[in-house]
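To start, the structure under review is shown below, and the notes come after it.
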Amino acid sequence: MTIAKLAAEGGVGVETIRFYQRRGLIHTPKKPQRAGTAGGIRRYGQDDVRQLHFIRSAKAAGFTLEQIGELLALDATDDRARARELAGERLKALDEKIAELDRARAALRRLAHECGSGSAGPCPILTAFDAA
């Protein structure tokens, strides 16, 4: 398939494919040589589609592109310990983010309650954000 078809299959743009290629996450196939021309069209296969889906799923889980590259490399070495370590690091970061969001939700809930209390003066929500 062409790069445009690969992009469509993966739900990304062509430039995203090229970006991933520059980062070494997806290989760039050679252009086939044809007599009398500079070359044909690069072709991609189902392995490229699977790799693109892996990248998108790993990004959705919050892995960085560097970590995704390492995970892809680990796949070839079968280093499960390092893959677990990377997943553990990501889980810890997610837990910290969830705790931060829980604190923000609790603070906003408190401010919304105070705002609705009907007391005189400026709304606590507006003053809380103004102080930041």
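Small disclaimer: the values here were computed from a predicted structure and weren't measured.
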With a cut-off of 3.5 Å and sequence neighbours excluded, list every side-chain donor-acceptor pair involving residues 89-99.
from	atom 1	to	atom 2	distance (Å)
Arg90	NE	Ala61	O	2.9
Arg90	NE	Gly62	O	3.1

Sequence-distant partners of Arg80, salt bridge (charged side-chain N to carboxylate O under 4.0 Å, His left out), two or more places apart: Asp78

Atom pair CD (Glu9) and NZ (Lys5), whose distance is rounded to the nearest 0.5 Å: 4.5 Å

Residue set satisfying side-chain contact (heavy atoms from CB on, under 4.5 Å) with Ala81, at least two apart, ordered chain then number -> Asp79, Arg84

Please tell me if the side chains of Thr2 and Arg42 come closer than 4.5 Å, counting only heavy atoms from C-beta onward. no

Please enumerate all residues that pass side chain to side chain donor-acceptor pair (under 3.5 Å) together with Gln67, with sequence neighbours excluded. Thr64

Going by chain and number, the hydrophobic cluster around Tyr44 (ILVMFWY, side chain to side chain under 4.5 Å) further includes Met1, Ile3, Leu6, Val12, Val14, Ile17, Phe19, Tyr20, Leu25, Ile26, Val49, Leu52, Phe54, Ile55, Phe63, Leu65, Ile68, Leu71, Leu72, Leu74, Leu86

Residues forming a side-chain contact (heavy atoms from CB on, under 4.5 Å) with Ser57, sequence neighbours excluded: none

Shortest non-hydrogen pair, Ala7 vs Gly13, comes out as CB-C, 3.8 Å

Tell me, please, which residues at least two apart from Arg56 pass side chain to side chain donor-acceptor pair (under 3.5 Å). none

Can you list every pair that meets salt bridge (Lys or Arg N to Asp or Glu O under 4.0 Å) and has a residue in residues 63-75, with sequence neighbours left out? Arg23-Glu66, Glu70-Arg82

Can you list the residues that meet the side chain to side chain donor-acceptor pair (under 3.5 Å) rule with His53, with sequence neighbours excluded? none

Output for pair (Arg109 CZ, Leu111 CG), nearest 0.5 Å, gives 12.0 Å

Kindly write out the residues that satisfy side chain to side chain donor-acceptor pair (under 3.5 Å) with Glu15, not counting sequence neighbours, or none if the list is empty. Arg18

